[in-house]
Protein chains: 2
Amino acid sequence: MPPSTVDPVQWLAREYYELNGSYIEILDSPPTALGFSRLVHISRPVIIKALHIPASLKWTDEYLVTEMGAQEISVAATPNGRADAVTEGPDGSFYFAEPYVDKMTMSGLLSKLTAVASDGPEVHYLQSQNGNLYGAEFFQGQTDAKTTEFELLRKDVPSEVSWASKALDRSPDAVNVWIGNGKSITSVHSDPYENLYTVVRGAKHFTLLPPTEGRYLNEKWYPHARYTRSSDGRLELTPSKDAPPVRWSSILEPHLSGALPAESHPIHVTLLAGESLYLPAGWWHHVRQAAGVTIAVNWWYDMEMRGVSWVMLSFMRKFGPAALDFDDNEEEGAE
Amino acid sequence: MPPSTVDPVQWLAREYYELNGSYIEILDSPPTALGFSRLVHISRPVIIKALHIPASLKWTDEYLVTEMGAQEISVAATPNGRADAVTEGPDGSFYFAEPYVDKMTMSGLLSKLTAVASDGPEVHYLQSQNGNLYGAEFFQGQTDAKTTEFELLRKDVPSEVSWASKALDRSPDAVNVWIGNGKSITSVHSDPYENLYTVVRGAKHFTLLPPTEGRYLNEKWYPHARYTRSSDGRLELTPSKDAPPVRWSSILEPHLSGALPAESHPIHVTLLAGESLYLPAGWWHHVRQAAGVTIAVNWWYDMEMRGVSWVMLSFMRKFGPAALDFDDNEEEGAE
């Protein structure tokens, strides 16, 4: 093929937008399995109301502290609320920074999240996202499955969303609880999972971009670093010696006006307590919380690998960004 | 974007094949609406058995002749069985040739299809495909809808396939009957419709290619021509004065070994009486019939325009073929 004067992925991004716009559907009640299957085929975000789970009625601070008791939970700690994000290191270089992980009780976490001195030097965010409610071992029915940190709260969160499991013809891959406050931020990224996200308390602000618009996120390769605790207890960003570089967006605040190129089409969605979001596989998302404690749960389902969906996400990941040499790195297993 | 050394659509075709192979699913009975919705999302051909319609039991020659009586039907006539196909004209140039349309009774058609002198100078194929059983007017509930040529046979073919209509959340766009013999051929092409195809009598041989492999079909722009009847009754190919050129595959016999490039992955499927094929939107198909009379019906449903499916088909149509100047023609409304 002779080089084209039209950038194929730019054409794709424009066509996608011209056909779909920035419309986001709002359902007053959860869909049927068939309805959800149709929505998965369309693969656009949908706000779903009235997905009722016991947690929404029960999860007061007092209840959580009583139920969880002395159970230790793993909480991400950073100086700035940016776990798994591009961060400037002490040497002036930028790194993809993984958080330090503190162990504490639920009581300890809630105290930190609601402390008056919430402008202190550290931000904590319960975002372990490893199936902390139900993980792969649970769904695979392993009898010797390890307990998860939030097993004591399982009675308040069903392991499956029945209409989603029926539509996708599978159980979830992982179910997680997320607990943070207005200082925690999830940097913009995409996952190869169908995601159902329910806000239990507080509010979440999502900035969403379709898979076709990853090209506008200025992804680069960043060296890996981790926060560690120094002997005096302070968090320090420490470059990793063993971890490969990470491909990540350089745009830290895509929700702010002017942060994204004018030709991109971000969708801004605020999800209130009791509301859920279907976030389709491959959609880019940046997530903030409202002030105060925000609690959410999510169900991740493996996406359909057959057909064209997965191939398309790979295609846009490979050919979308301007710097095509991403690829050579990836083929060396860089990420 | 700097010109890439990797052709994006070639990469897409290879990745699609690596992930999906040439596998075709066979269902022993029709799916549920939910099951079909999942299949539409995967968008690969599926053979479906036991989709029972009254026509399969009732449509003997005698029954068809009796029921249709003196009703005139429109039958494509060509010298070679290639209607809507690239054909060499008397001037040595190649044209996209539309058939002549003869009017005859069902009795007349069946006589022609089963004549002993079936090596005569003309091939007839009932392929009017304009909703000849049920058309848009029927589905839109127009009370002044014109009758269709096969209205007398409607009692034997349901206007909808219930699980397909539920899955796609819409009625068909058109339902057609097809009647031909071993000399009729449908040249390779693709439609932007979800297609359910049921063989009532005889057998159909399909050669299928995924939307990603249209690039291997050597599409070109061909001037338009129509078969006309000369004063002595012979068929003559007459270049059209008013019709724009047509973009069409130059590969006339993709089912033959060696006709397609080695890097393509055609799927060969023979559909027997009583079997149905889900042919997803955008899949390329070349269709032949077994010897003797073959009768089939099909239901065309509009495809989902929202999301990425339609955009992807447009993308592959635009960027797939090597000659990118297709596009400039298309934007002038050439087809």
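Convention: sequence-line order gives letters A, B, ...; per-chain numbering from 1. Since the structure is predicted, the reported quantities are computational estimates derived from the model, not experimental observations.
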So what's closer than 4.5 Å to chain B heavy atoms on [X]: side chain, backbone, both or neither?
| X | result |
| --- | --- |
| A:Ser309 | side chain |
| A:Ser314 | both |
| A:Glu304 | side chain |

Toward chain A, the part of B:Leu12 with a non-hydrogen atom under 4.5 Å: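 Both the backbone and the side chain of B:Leu12 come within 4.5 Å of chain A.
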Derivation of the ring-ring contact (aromatic ring centres under 6.0 Å, His included) call for B:Phe315 and A:Tyr16: CA-CA 10 Å; B:Phe315 177 82; A:Tyr16 181 85; over 10 Å; no
Of A:Leu39, A:Leu19, A:Ile42, the residue whose pairing with B:Arg306 passes side chain to side chain contact (heavy atoms under 4.5 Å, CB included):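 Of A:Leu39, A:Leu19, A:Ile42, side chain to side chain contact (heavy atoms under 4.5 Å, CB included) with B:Arg306 is met by A:Ile42 alone.
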Greatest number of heavy atom pairs closer than 4.5 Å to chain B - which of A:Gln10, A:Met305, A:Met312, A:Arg44: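 Top option by heavy-atom pairs under 4.5 Å: A:Met312.
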Other residues, nucleotides, ligands: >12 heavy atoms within 6.0 Å of A:Arg170 CZ: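 Enclosed: over 12 neighbouring heavy atoms sit under 6.0 Å from CZ of A:Arg170.
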Other residues, nucleotides, ligands: >12 heavy atoms within 6.0 Å of A:His268 NE2: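 It does: A:His268 NE2 has more than 12 such atoms within range.
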Between B:Ser37, B:Pro211, B:Ser43, B:Pro280, the one whose heavy-atom pairs under 4.5 Å with chain A are most numerous: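 Highest number of pairs under 4.5 Å: B:Ser37.
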Euclidean distance, A:Phe319 CZ relative to B:Asp7 CG, rounded to 0.5 Å: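 Reported value, rounded in 0.5 Å steps: 7.5 Å.
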Pairwise distance CG(B:Asp169) to CG(A:Leu34) - rounded to 0.5 angstrom: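 Rounded to the nearest 0.5 Å, the CG-CG separation comes to 7.5 Å.
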Side-chain heavy atoms of A:His41 within contact of B:Val40, under 4.5 Å: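 Heavy-atom side-chain distance check passes, below 4.5 Å.
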Side chain proximity check, B:Val311 to A:Glu18, heavy atoms < 4.5 angstrom: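 No, too far: nothing below the 4.5 Å cut-off.
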Whether A:Asn20 side chain and B:Gly307 backbone form a donor-acceptor pair below 3.5 Å: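 Present.
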Side chain A:Arg38, main chain B:Ala167, donor-acceptor under 3.5 Å: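 Answer holds: yes.
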